[in-house]
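Sequential numbering from 1 along the given sequence is applied to the chain's residues. When reading the values below, keep in mind they use all heavy atoms of this one structure, side chains included, and skip hydrogens, waters and symmetry mates.
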Amino acid sequence: MDPQEPEWEELLTRIPRDDVANDTGQRDRFVYLVTCEPPTAERPYWQCEVPEGQFTGPWQDLLERVRAAGDSDGDEKRAATRR
């Protein structure tokens, strides 16, 4: 997976990481820890926790893209993991 590909850059610019609520009031749900690296001048390193209920839209697109990239090249490293 090459994070410099235009498709990745476009997807990462759509991620609403400033709009993630820390507590949705829902218990016993997954929380995804999402990390974006390596940093670039245009896109610094960032990490945030996203409750399962908010993992929609661009977040869901990112998860599906990361899973597909990992499946296609055998890479065990994931940018999104469940905690």
Side-chain angles (χ1 to χ4, degrees):
M1 146 175 70
D2 182 359
Q4 300 303 317
E5 290 180 27
E7 298 85 15
W8 281 102
E9 289 294 330
E10 188 276 329
L11 176 57
L12 292 171
T13 61
R14 293 188 295 123
I15 300 295
R17 62 183 193 267
D18 294 333
D19 295 336
V20 175
N22 291 335
D23 183 13
T24 62
Q26 298 177 344
R27 303 294 177 226
D28 298 326
R29 302 294 301 243
F30 286 109
V31 174
Y32 290 85
L33 176 63
V34 181
T35 304
C36 181
E37 56 183 59
T40 65
E42 297 80 31
R43 189 190 69 247
Y45 169 90
W46 56 266
Q47 179 176 0
C48 62
E49 293 183 0
V50 184
E52 182 179 29
Q54 294 183 26
F55 221 89
T56 60
W59 288 112
Q60 186 65 36
D61 295 345
L62 177 63
L63 178 61
E64 290 170 6
R65 175 109 191 227
V66 168
R67 285 181 174 161
D71 290 344
S72 67
D73 65 9
D75 186 4
E76 295 297 322
K77 187 175 180 180
R78 299 285 188 255
T81 58
R82 290 183 175 185
R83 286 190 358 154

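- Summarising the geometry of C36 relative to L12, their closest heavy-atom pair is SG-CD1, 3.9 Å, with the distance given to 0.1 Å.
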Could you go step by step and tell me if L62 and W8 meet the side-chain contact (heavy atoms from CB on, under 4.5 Å) rule?
CA-CA 9 Å; L62 177 63; W8 281 102; 3.8 Å; yes

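- Q60 meets the side-chain contact (heavy atoms from CB on, under 4.5 Å) test with F55, L63, E64; sequence neighbours excluded.
- Residue W59 comes nearest to R17 through the heavy atom pair CZ2-CA, 3.7 Å, listed as atom of the first residue, atom of the second, then distance.
- Residues passing the salt bridge (charged side-chain N to carboxylate O under 4.0 Å, His left out) test with R14, sequence neighbours excluded: E10, D61.
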